[in-house]
Amino acid sequence: TKYALSEAAPIQMLLMRTALAVLLLAPLALIYERRLFPDRRDLLVAVLMGLTGVAGNNLCFFNAVKNTTLTNTAIIFATSPMITSVLAALFLDEKLTPRRMAGIVLALCGTILLLCNGNLSILHSLTLNKGDLYELGAAFLCSVMTILGRKIRYSSSLSVTLCNMF
């Protein structure tokens with residue numbers, strides 16, 4: 001992605017990635033479901049998922065990769081499960097149990113350890129910049145898409161994913 005962004009703007013990367021996904025998913029949707037779009041009762045939520053999780057998330061991600069380190073990008077995106085859990089507690093009435101939070105914190109710590117090769121002193125040299133804010137936006141928008149996806153009731157994941165690409 002970093003190399004591709006040196007050759008193309010974030011919006012071009014988003015359009016290329018989306019076009020490729022549509023070219024691959026459309027024939028599958030027609031073959032297996034005989035439809036390209038989700039049930040009309042799920043259409044609004046599917047479109048909102050596309051705006052947040054595909055367009056917004058990817059634009060934020062591509063801008064983040066252009067403006068910050070890949071280590072920062074990975075560490076910040078690893079907060080997504082925590083953001084999703086908080087949003088689920090707020091909007092879906094899911095319980096934010098100590099066990100769930102402990103699992104999220106443990107996973108986040110493991111991700112950080114892996115990215116730092118076990119050398120936590122690397123964290124002291126990390127600097128924050130506008131790319132980090134873009135990545136935090138990407139993590140948030142990915143979480144919003146996940147929460148919206150829980151509202152889909154009448155459509156398959158294939159038709160919803162394809163709709164997200166439009």
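Every heavy atom of this structure was used, including side-chain atoms; hydrogens, water molecules and symmetry mates were not. Just so it is clear, the structure is predicted and the values come from calculations on it, not from any experiment.
- Using modelled atom types and a 3.5 Å distance limit, the side chains of Ser80 and Ser143 yield a donor-acceptor pair.
- Contact of the Val65 side chain with the Leu70 side chain is registered, since non-hydrogen atoms from C-beta on lie closer than 4.5 Å.
- In this structure, SG on Cys163 lies 5.0 Å from CG on Leu43, to the nearest 0.5 angstrom.
- Under the 4.5 Å side-chain contact rule for hydrophobic residues, Met82 and Leu114 do not share a cluster.
- For the pair Ile104 and Ser85, the tightest heavy-atom approach, listed with the atom from each and the gap, is CD1-OG, 3.0 Å.
- Note: the hydrophobic cluster containing Phe37 also contains Leu30 (ILVMFWY, side chain heavy atoms under 4.5 Å, direct or indirect links).
- Leu158 and Leu20 are assigned to two separate hydrophobic clusters, defined by single-linkage of ILVMFWY side chains at heavy-atom distances under 4.5 Å.
- Contact annotation: the side chain of Cys60 approaches that of Leu141 to within less than 4.5 Å [non-hydrogen atoms, C-beta and beyond].
- Annotation: side chain of Met49 is in contact with side chain of Ile152 (closest heavy-atom distance under 4.5 Å).
- With a 4.5 Å cut-off on side-chain heavy atoms, Phe62 and Arg17 count as touching.
- Minimum heavy-atom separation, Phe77 to Cys142: CZ-SG, 3.8 Å.
- Minimum interatomic distance between Asp39 and Ser155 (heavy atoms only, all atoms of both residues): N-OG, 2.8 Å.
- Of all heavy-atom pairs between Val22 and Leu162, the closest is CA-CD1, 4.1 Å.
- Val160 approaches Ala46 most closely through the heavy-atom pair CG1-CB, 4.1 Å.
- Here the side chain of Thr52 pairs a donor or acceptor atom with the backbone of Leu48 at under 3.5 angstrom.
- Atom-to-atom distance recorded for Leu25:CG and Tyr32:OH is 12.5 Å, nearest 0.5 angstrom.
- One distance of note links CG of Asp132 with CD1 of Ile76; it measures 4.0 Å at 0.5 Å rounding.
- Clustering ILVMFWY residues whenever any of their side-chain heavy atoms sit less than 4.5 angstrom apart, transitively, puts Val144 in a cluster other than the one holding Tyr134.
- Salt bridge Glu94/Arg150: present, at least one basic N to carboxylate O contact under 4.0 Å.
- Annotation: the span from Leu36 atom CG to Met165 atom CE amounts to 13.5 Å, rounded to 0.5 Å.
- Side chains of Thr161 and Asn164: no donor on one and acceptor on the other come within 3.5 Å.
- Side chain of Asp42 to backbone of Pro38: no donor-acceptor contact under 3.5 angstrom is found.
- One distance of note links CE of Met145 with CG of Leu87; it measures 12.5 Å at 0.5 Å rounding.
- Checked by atom type and distance alone, the side chain of Thr69 pairs as donor or acceptor with a backbone atom of Asn72 at under 3.5 Å.
- When all heavy atoms of Lys95 and Arg100 are compared, the closest pair comes out as O-NH1, 3.5 Å.
- Residue Leu108 is tested with Leu106, Ile112, Val105 for a side-chain contact (heavy atoms from CB on, under 4.5 Å); the sole match is Ile112.
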Under the criterion side-chain contact (heavy atoms from CB on, under 4.5 Å), I'd like the reasoning laid out for Val45 against Arg153: C-alpha separation, chi angles, the key distance, then a yes or no. CA-CA 10 Å; Val45 173; Arg153 297 283 183 254; over 6 Å; no

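- Note that CD of Glu135 and CG of Asn67 are 11.5 Å apart. Values are rounded to the nearest 0.5 Å.
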